Amino acid sequence: MNELDTQTIKGIIGEKFYFVKATENFLYKDGKRTEEVDGIKVKIYGTKDPERYYTVKIPGTLEVVKGFAIHTEVSFDNLTGKLWAKVVRNFGTVELSMKADDITPVLK
C-alpha cells in the first residue's frame, strides 16, 4: 500500500494529536532486540478516539521530548504512515504505522 500523508492520517485519527509518553526505539536483528537505539517511539492519541493510542517513530533521543507533559498537544514534521495487517491467532486487525522527522509542542 502507498504511504499515507499527514492529511490522510488526520482523517483516520483526528485533527489534533496529544502526547502520552516516549521510549527509546531499539533495533531488532533476527527477531531479537539489540542494544542499538534507532530513535524514539512517541505514544500519542488523536481527537477521533482518545482511548486508542498510536506510536510515531522519530529520529533522535529522548531529549527531543524533554519537558513534554502528558496530554500536551503536539505537531509533527513530515508525518507519514502505512496501514498493515496484524494477525494474532486467526484474529486480524488493521494497524497504522507512522513516522515523522520531528515533534514539537503546539503553543496556544
Side-chain angles (χ1 to χ4, degrees):
M1 175 164 232
N2 292 338
E3 200 163 72
L4 305 174
D5 63 9
T6 302
Q7 282 309 113
T8 304
I9 292 171
K10 284 182 175 184
I12 295 170
I13 67 175
E15 285 294 318
K16 295 180 181 180
F17 311 123
Y18 298 93
F19 179 84
V20 176
K21 72 176 187 175
T23 57
E24 292 178 320
N25 183 40
F26 291 93
L27 287 177
Y28 282 75
K29 287 188 181 177
D30 301 322
K32 295 184 181 183
R33 187 180 119 164
T34 68
E35 290 304 310
E36 189 175 346
V37 176
D38 182 36
I40 61 173
K41 294 187 288 188
V42 177
K43 184 185 271 190
I44 63 164
Y45 64 92
T47 50
K48 276 199 176 176
D49 184 1
E51 294 182 11
R52 177 148 189 207
Y53 297 109
Y54 300 90
T55 300
V56 181
K57 293 181 182 175
I58 301 172
T61 66
L62 291 173
E63 287 293 314
V64 172
V65 294
K66 186 176 181 180
F68 282 40
I70 190 167
H71 308 301
T72 298
E73 185 179 346
V74 295
S75 66
F76 295 96
D77 292 341
N78 195 29
L79 178 66
T80 59
K82 289 187 180 192
L83 294 172
W84 58 282
K86 178 180 178 181
V87 179
V88 178
R89 297 184 192 189
N90 296 331
F91 181 75
T93 58
V94 176
E95 301 292 323
L96 176 59
S97 174
M98 294 180 283
K99 64 182 180 179
D101 293 336
D102 199 8
I103 182 173
T104 52
V106 173
L107 302 175
K108 295 183 179 192

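Note that the structure is a prediction, hence the values are computed from the model and not measured. Worth knowing before you read on, the calculation uses all heavy atoms, side chains too, and leaves out hydrogens, waters and symmetry mates.
- Considering only heavy atoms from C-beta on, Lys99 comes within 4.5 Å of Thr80 through its side chain.
- Hydrophobic clustering (ILVMFWY, side-chain heavy atoms < 4.5 Å, transitive): Val94 and Ile9 are in one cluster.
- For the atom pair CD1 of Ile13 and CZ of Arg52, the computed distance is 9.5 Å after rounding to the nearest 0.5 Å.
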* To do: Check step by step if side-chain contact (heavy atoms from CB on, under 4.5 Å) holds for Phe68 and Val42.
  => CA-CA 11 Å; Phe68 282 40; Val42 177; over 6 Å; no
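- Put simply, the side chain of Thr34 gets close to the backbone of Leu27: a donor and an acceptor are under 3.5 Å apart.
- Annotation for Lys10 and Phe17: closest pair CG-CZ, 3.7 Å, computed over non-hydrogen atoms.
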* Start with the C-alpha distance between Lys66 and Leu62, add both sets of side-chain angles, then the distance that settles side-chain contact (heavy atoms from CB on, under 4.5 Å), and finish with yes or no. => CA-CA 6 Å; Lys66 186 176 181 180; Leu62 291 173; over 6 Å; no
* **Criterion side-chain contact (heavy atoms from CB on, under 4.5 Å) on Val37 and Phe26, from CA distance to verdict** => CA-CA 4 Å; Val37 176; Phe26 291 93; 3.6 Å; yes
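- Annotation for Thr47 and Glu15: closest pair OG1-N, 3.2 Å, computed over non-hydrogen atoms.
- Arg33 contributes atom CZ, which lies 6.0 Å from atom OH of Tyr28 (distance to the nearest 0.5 angstrom).
- For the atom pair Phe19 CZ and Glu73 CD, the distance stands at 14.0 Å (nearest 0.5 Å).
- Glu24 pairs by the salt bridge (Lys or Arg N to Asp or Glu O under 4.0 Å) definition with nothing, not counting sequence neighbours.
- Residues Met98 and Tyr54 come closest through the heavy atom pair CE-CB, 3.4 Å.
- When every heavy atom of Val65 is checked against every heavy atom of Ile103, the shortest pair comes out as CG1-CG2, 3.8 Å.
- The two atoms that bring Ser97 and Trp84 nearest to each other are CB-NE1, 3.6 Å, heavy atoms only.
- Without hydrogens or angle criteria, Asn25 side chain to Lys41 main chain gives no donor-acceptor distance under 3.5 Å.
- Here CD of Gln7 is found 11.5 Å from CD1 of Ile12. Values are rounded to the nearest 0.5 Å.
- Nearest heavy atom pair, residue His71 against residue Tyr45, reads ND1-OH, 2.8 Å.
- If you take CD1 on Ile58 and CD1 on Ile40, they are separated by 5.0 Å, rounding to the nearest 0.5 Å.
- Hydrophobic clustering, with ILVMFWY side chains joined whenever heavy atoms are under 4.5 angstrom apart, keeps Val87 apart from Phe91.
- One hydrophobic cluster, built from ILVMFWY side chains closer than 4.5 Å, holds both Phe76 and Val64.
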* Take Val56 and Ile44 through the side-chain contact (heavy atoms from CB on, under 4.5 Å) test and state the conclusion after the steps. => CA-CA 8 Å; Val56 181; Ile44 63 164; 3.9 Å; yes
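- For the atom pair OG1 (Thr6) and CG (Asn78), the distance works out to 6.5 Å, reported to the nearest 0.5 Å.
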